Amino acid sequence: MTDSVFPGPALTQAVQLRGPVVEVSDPKTVNTQYGESDLCEVTLRPDRGAGVPTTVTLWGKWTETADVLEPGMELAVYDPDERQYQGETQYSVGSDATVVVEPDFLVDVTDVRAWVQCPRMYYLRKLDGADLAYPLVKGTVVHEVFGDLLRGRDVEAAIDDQIEAAGLDIGLLGREADEVAGDVRDHAKAIEGWLQQGTLTDEDSAATAADSSERDFSPAESDWRSEMTLISERYGMKGRADAVRRGMPVELKTGKNTKREPRFQDKIQATAYALMLGERAANSLDASAVMAGDGGTTTPIEAAPDTGTLLYTKNAAVDRSEESGDLSPAKEFSIGSGLLNYVIRTRNAIAAMEHDTGVPTGYEANTKCEYCFEQDTCMAVSGRLDQESKAGQVGVAIPEAERDYFERFYTAIEAERRAVHREYAKLWEQTAEERAADDRALVDLEPVGRTELDSGRWELRARGTGAVSKIREGDLVMASDGDPVTGDAELARVERIGEARSASEDANGETVSSGEEIVVTADEPLDLRRLDIYPSELTTDRLQNALHDALLTQPPEQKDVLFGRRDPEFETVAETFIDNNEAQNEAVQLAVGAEDFALVHGPPGTGKTYTLARMVRALVDRGDRVLLSAFTNRAVDNAIEALEEQGFTDIVRVGTESGVREDMQNYRLEQSGDPGECAATLQNAQVVAATTATCGGTAMQSQSFDVAVVDEAGQLTEPGTLAATTLADRFALVGDHQQLPPVVQSEDATLSTSLFQRLIETHPDAGVMLDRQYRMAQHIQAFASREFYDGQLRPATGEVAGQRIDDLPGVSMDALPEHLRDRVSFVDPGGTQTGNTNPVEADAVAEVVAAYREAGVPAADVGVIAPFRAQVAELDRRLPDVAVDTVDRFQGSSKEVIVVSFVATETLEGPIFEDYRRINVAMTRAKKALVLVGDADALGTDEVYGRLVEWAES
DNA sequence: TCTCTGCTTAGAGGA
């Protein structure tokens with residue numbers, strides 16, 4: 001077992017050669033002293049491209065990996081044979097060496113498994129993965145029960161709890177809890193029987209046999225670990241083993257297998273875990289050797305466990321009179337270097353395919369399509385997209401424009417996936433300090449306690465340093481003893497981060513807080529010393545799903561308008577919904593009368609959310625079932641709040657407990673509980689509200705709607721929007737493409753234009769712009785109106801236009817310094833940008849805020865905005881009781897007084913300043929006073945920022 | 001050196 005007595009990074013001399021491939025020779029066959037052998041020469045630039053091009057000869061089966069290599073791919077070569085020849089060092093990769101393609105791309109073990117079944121199955125899984133199916137739900141419940149049994153829980157209690165936890169899914173499948181419990185019990189019996197047997201053979205004392213009738217067979221803690229998350233830096237792989245027993249992988253399968261041997265793909269899955277367990281074992285063996293003064297020489301392959309176990313629990317439940325064959329649930333198999341290397345080569349094939357976003361045909365492996373249960377789907381997808389596939393094609397291809405669209409977005413989403421993978425690689429590429437500085441980790445935690453919960457899970461507590469990070473309550477994180485890759489590490493859920501609830505007294509009798517308290521829950525106990533963000537591919541998976549559903553399952557008529565083959569149609573609606581704002585009323589009429597879609601362009605402060613709520617009510621009055629969606633939880637909750645204010649409360653909110661705002665929890669659908677009740681609550685709801693990411697999940701995929709109403713649609717990628725709109729016959733998008741665009745990690749521009757923007761540009765007639773704003777004084781809105789809204793944005797009333805800071809109770813204009821008395825002012829404090837901060841400017845901002853405070857403006861009415869998080873932190877220190885945040889995070893809210901800190905001096909370099917929409921957002925948060933603080937010369941280097949300064953000074 | 005929210009995780013099975 002790896003222990004915290006071995007600090008520092010992995011000690012295995014892992015990478016011997018690593019860098020981009022320059023050239024790959026054609027494979028050839030040569031005669032050697034051992035007979036005929038294949039070889040292929042690969043030239044790479046070691047030291048990650050910095051070294052002299054070096055040729056490595058790949059022998060035998062490694063030529064399969066050479067086959068998929070292309071120049072430009074990153075290659076790692078471990079433990080190659082080294083030989084001097086004519087003054088040159090030559091490397092060769094035979095049986096003892098390993099080659100890994102694109103090691104930073106973490107291939108999932110389940111993807112390796114799917115690829116082994118059929119490379120095309122691997123591809124199909126990415127496109128279409130949100131189906132609800134009983135065997136899957138049951139399988140999940142059995143796995144959870146298995147984990148509970150390993151943690152020593154009572155079987156009946158575990159079954160009841162886990163079925164309750166899966167309540168909604170079971171209900172949506174139309175099953176009863178009792179029926180599922182019966183099914184699960186059969187599997188649980190098989191697990192119990194096997195565990196009992198294991199205990200008996202392990203403990204050779206006669207006394208154990210006498211006790212065997214009792215329930216107490218709880219596995220000894222040192223023998224077992226359940227649900228072990230493994231990440232491999234060396235092989236570029238990640239996955240989660242069901243259980244590890246004495247260092248050996250155990251995989252639970254709830255299907256049936258009456259063959260003597262385990263299924264090949266099951267063996268491959270367990271072998272992949274064995275490979276990663278070997279890596280961990282080698283690291284700790286080498287560490288021991290170093291401590292003992294020996295050199296570390298064990299390779300991970302040598303250190304890998306030699307046996308894997310597959311537990312086919314359904315075997316115990318089948319009717320023995322009708323089945324022949326081997327019905328024992330547990331099947332062991334031996335793991336040798338051949339199988340381990342096979343896993344690595346398969347993993348390489350996947351990584352190579354991902355490098356240039358290729359699409360597998362099925363010919364890559366020797367699979368037989370006639371036995372495949374994905375055959376129909378495979379042929380249909382191949383036919384619709386006109387792809388080459390071993391199974392062949394059925395059906396008519398979608399139009400070429402749609403195929404191009406699919407290709408373009410598929411590629412862009414996969415680029416996002418690679419960006420997520422780069423985040424994984426940072427787990428080991430960055431030191432703990434670098435990760436902490438990047439806000440991606442909380443380090444130097446001091447473990448203060450652990451408690452085993454009734455569920456068998458563990459609550460782990462630590463004292464934090466109070467450092468900031470992106471980690472928030474409810475997040476799934478990697479909890480570790482200090483090293484998330486080679487140390488003791490577990491996936492954990494953050495339950496609490498914050499000031500310790502209990503305070504104590506110090507020596508002088510003063511009450512002191514005991515620091516920041518961090519509480520997480522995990523399956524296994526560990527010393528909680530560090531938390532890391534655990535990147536998730538969930539969003540990319542759901543975007544792929546949405547793309548697939550929108551293009552391959554929607555009827556052509558519905559897609560026509562998206563591809564410009566037809567103009568959107570409207571029925572004329574004469575009813576008046578809002579009588580004091582023409583544009584708002586027109587927006588509701590448009591949405592109600594839309595036969596395809598309607599677009600509502602809502603600039604800042606124009607009552608966009610109010611209009612949206614009115615629209616939802618009007619649709620409901622017509623008998624429509626409405627989906628209410630937005631990218632962020634905050635926007636969804638705001639929309640519900642607006643509905644509530646209009647007296648409408650027949651809403652079901654789908655989302656996680658931590659995502660949904662406290663005061664909206666009463667609308668939240670409880671996903672655990674009685675299956676029938678859970679499902680009925682969702683199915684009977686007239687209005688269902690959820691984020692677009694949740695719309696892509698299994699629960700929402702089972703629902704259909706008449707209309708989807710999507711708020712903040714300017715912040716959504718096209719596939720993100722489609723996740724909501726494909727669930728409905730028609731849709732209405734509400735947003736503002738002149739405010740911030742979707743957040744995407746990759747540089748690809750495809751995803752950064754919203755569907756809202758594309759449609760409003762191609763179909764201006766299908767949209768209404770709300771042109772009267774209720775937020776800003778006339779002068780404050782002038783710049784935004786001119787620059788971003790063609791001068792069409794105007795104050796809704798004279799009162800809005802003429803508002804002044806001294807309208808606030810107790811605020812006197814005379815108390816303000818003269819340069820701050822205008823509604824818009826500019827201050828040039830003459831500081832210097834250092835990194836992403838400007839301390840002098842921060843001081844000036846603090847002075848401005850202090851001036852407003854002294855004039856009587858309450859702290860709650862002041863907001864401070866800066867482009868960089870570093871400057872936000874700088875300002876936060878000076879202004880503890882004022883809201884300070886980045887532009888991006890301020891979108892959606894407003895304050896009476898807004899102070900903007902631009903940070904930049906001399907030049908305006910940096911991508912943050914390139915998107916002018918960011919200024920629009922920053923300027924339009926202010927109601928009565930706006931103060932711009934920055935370097936006039938730097939701002940003057942850009943035309944738009946220059947006009948901004950001119951306007952502020954005038 | 002740029003901004004950053006989603007999501008129960010990942011994996012659950014069928015001839």
Side-chain angles (χ1 to χ4, degrees), chain A residues 108-111 113-114 117 125 129 131-144 165-166 169 227 229 238-242 251-257 263 266 269 314 368 370-375 434 437-439 470 472 474-478 490-493 521-523 534-543 630-636 655-659 671-672 690-698 712 715-717 720 723 740-745 835-836 866-872 885-889 891 903 909-915 917-918 921:
Chain A
D108 227 273
V109 170
T110 49
D111 284 335
R113 176 198 160 91
Q117 288 183 77
R125 262 167 48 105
D131 274 350
L132 204 53
Y134 182 57
L136 298 184
V137 173
K138 185 175 74 181
T140 307
V141 172
V142 173
H143 273 76
E144 294 297 328
D169 284 350
E227 305 268 348
T229 302
K238 67 181 159 75
R240 196 147 198 235
D242 286 341
E251 267 305 297
L252 184 67
K253 295 290 161 197
T254 45
K256 146 180 102 162
N257 177 20
R263 266 187 291 262
D266 297 342
Q269 187 177 2
K314 197 174 183 179
K368 289 199 176 66
E370 61 262 41
Y371 300 132
C372 176
F373 19 74
E374 297 287 13
Q375 192 185 0
E434 284 169 341
D438 246 9
D439 295 349
K470 293 178 179 172
R472 286 168 311 175
D475 281 0
L476 196 81
V477 293
M478 203 68 182
E490 270 295 322
L491 277 184
R493 182 157 304 278
T521 48
D523 280 337
Y534 188 77
S536 167
E537 289 173 67
L538 192 127
T539 308
T540 50
D541 288 345
R542 297 210 167 155
L543 292 181
F631 180 53
T632 61
N633 275 309
R634 193 164 65 173
V636 173
T656 58
E657 195 181 347
S658 60
Q671 305 210 14
S672 71
T691 58
T692 48
T694 300
C695 288
T698 50
E712 307 280 14
Q715 279 183 70
L716 275 165
T717 62
L740 293 174
V743 173
V744 284
Q745 313 233 12
N836 285 330
F868 306 109
R869 273 213 316 250
Q871 179 76 349
V872 167
D885 228 324
T886 57
V887 187
D888 301 59
R889 292 168 64 109
Q891 177 156 340
V903 182
E909 265 172 33
I912 193 95
F913 295 107
E914 278 169 19
D915 197 331
R917 290 177 284 194
R918 211 167 250 111
V921 175

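This structure is a prediction, so every number in the text was calculated from the model and none was measured. Values below: all heavy atoms of this structure, side chains included; hydrogens, waters and symmetry mates excluded.
Under 4.0 angstrom from either OP1 or OP2 of dC7(B) there lies at least one side-chain N or O belonging to T694(A). Side-chain nitrogen and oxygen atoms of R889(A) include at least one within less than 4.0 Å of the OP1 or OP2 phosphate oxygen of dT5(B). Under 4.0 angstrom from either OP1 or OP2 of dG11(B) there lies no side-chain N or O belonging to H143(A). Distances shown here put every side-chain N or O of T632(A) at or beyond 4.0 Å from the OP1 or OP2 atom of dT5(B). Regarding contacts with the backbone of dA12(B), every side-chain N or O of K138(A) stays at 4.0 angstrom or more from both OP1 and OP2. Between N257(A) and dG13(B) there is no side-chain N or O to OP1 or OP2 distance below 4.0 Å. Contact annotation: T886(A) side-chain N/O to dC2(B) OP1/OP2 distance is not under 4.0 Å. Between T110(A) and dG11(B) there is a side-chain N or O to OP1 or OP2 distance below 4.0 Å.
Here the nucleotide nearest the side chain of L476(A), chosen from dG14(B), dG6(B), dT9(B), is dT9(B). When distances are taken from the side chain of L491(A) to each of dG14(B), dT9(B), dT8(B), the shortest belongs to dT9(B). Considering only the side chain of L136(A), dG13(B) comes nearest among dC7(B), dG13(B), dA15(B). Considering only side-chain atoms of N836(A), the nucleotide from dC4(B), dA15(B), dC2(B) that sits closest is dC2(B). The side chain of K314(A) has dG14(B) as its nearest neighbour among dG14(B), dA10(B), dG13(B). Among the nucleotides dT8(B), dG14(B), dG6(B), the one closest to any side-chain atom of P135(A) is dG14(B). Of the candidate nucleotides dC4(B), dA12(B), dG6(B), dC4(B) has the atom nearest to the side chain of K470(A).
Atom CG of D475(A) is separated from atom C1' of dC4(B) by 13 Å (rounded to the nearest Å). Between the CZ atom of R634(A) and the P atom of dC4(B) there is a distance of 12 Å, rounded to whole Å. Here the P atom of nucleotide dG14(B) and the NZ atom of K368(A) are 21 Å apart, to the nearest Å. The nearest whole Å value for the distance from the CD atom in E490(A) to the C1' atom in dA10(B) is 13 Å. Atom CG in D523(A) sits roughly 14 Å away from atom C1' in dG11(B) (whole-Å rounding). Going from atom CG of D438(A) over to atom C1' of dC2(B) covers 12 Å, rounded to whole Å. Between Q117(A) atom CD and dA12(B) atom C1' there is a gap of 13 Å when expressed in whole angstrom units. F913(A) places its CZ atom 13 Å from the C1' atom of dT1(B), with the value rounded to the nearest Å.
Within the model, atoms CD of E490(A) and OG1 of T521(A) stand 11.0 Å from one another, a figure rounded to the nearest 0.5 Å. With rounding to the nearest 0.5 Å, the separation of CD in E144(A) from CD in E227(A) is 6.0 Å. For the atom pair CD (Q715(A)) and OG1 (T692(A)), the distance works out to 10.0 Å, reported to the nearest 0.5 Å. Taking NZ of K138(A) as the start and NZ of K314(A) as the end, the distance is 5.0 Å to the nearest 0.5 Å. The distance from the NZ atom of K238(A) to the OG1 atom of T229(A) is 10.5 Å, given to the nearest 0.5 Å. Atom CZ in R634(A) sits 8.0 Å away from atom CZ in R889(A) (nearest 0.5 Å).
Defined by atom type and a distance below 3.5 Å, a donor-acceptor pair is present between the side-chain atoms of D108(A) and T110(A).
Using a 4.0 Å heavy-atom criterion, one finds that R113(A) contacts no nucleic acid atom at all. Contacts of F868(A) with the nucleic acid, taken as non-hydrogen atoms under 4.0 Å apart, involve only primed sugar atoms and P, OP1 or OP2. Looking at heavy-atom distances under 4.0 Å, Y534(A) makes contact with sugar-phosphate atoms alone, never a base. Heavy atoms of Q269(A) sit under 4.0 angstrom from primed sugar atoms or phosphate atoms, though from no base atom. Within the nucleic acid shown, D915(A) has no heavy atom closer than 4.0 Å to any nucleic acid atom.
Across dA12(B) and dT8(B), the matching C1' atoms stand 14 Å from one another, rounded to whole Å. dG11(B) sits 15 Å from dC7(B) when the C1' atoms are compared, rounded to a whole Å.
Contact of R918(A) with dT3(B) (side chain to base): a donor-acceptor pair of N or O atoms is detected under 3.5 Å.
A residue-by-residue look at T229(A) and T254(A) shows that T229(A) has its nearest nucleotide of DNA chain B further toward the 5' end.
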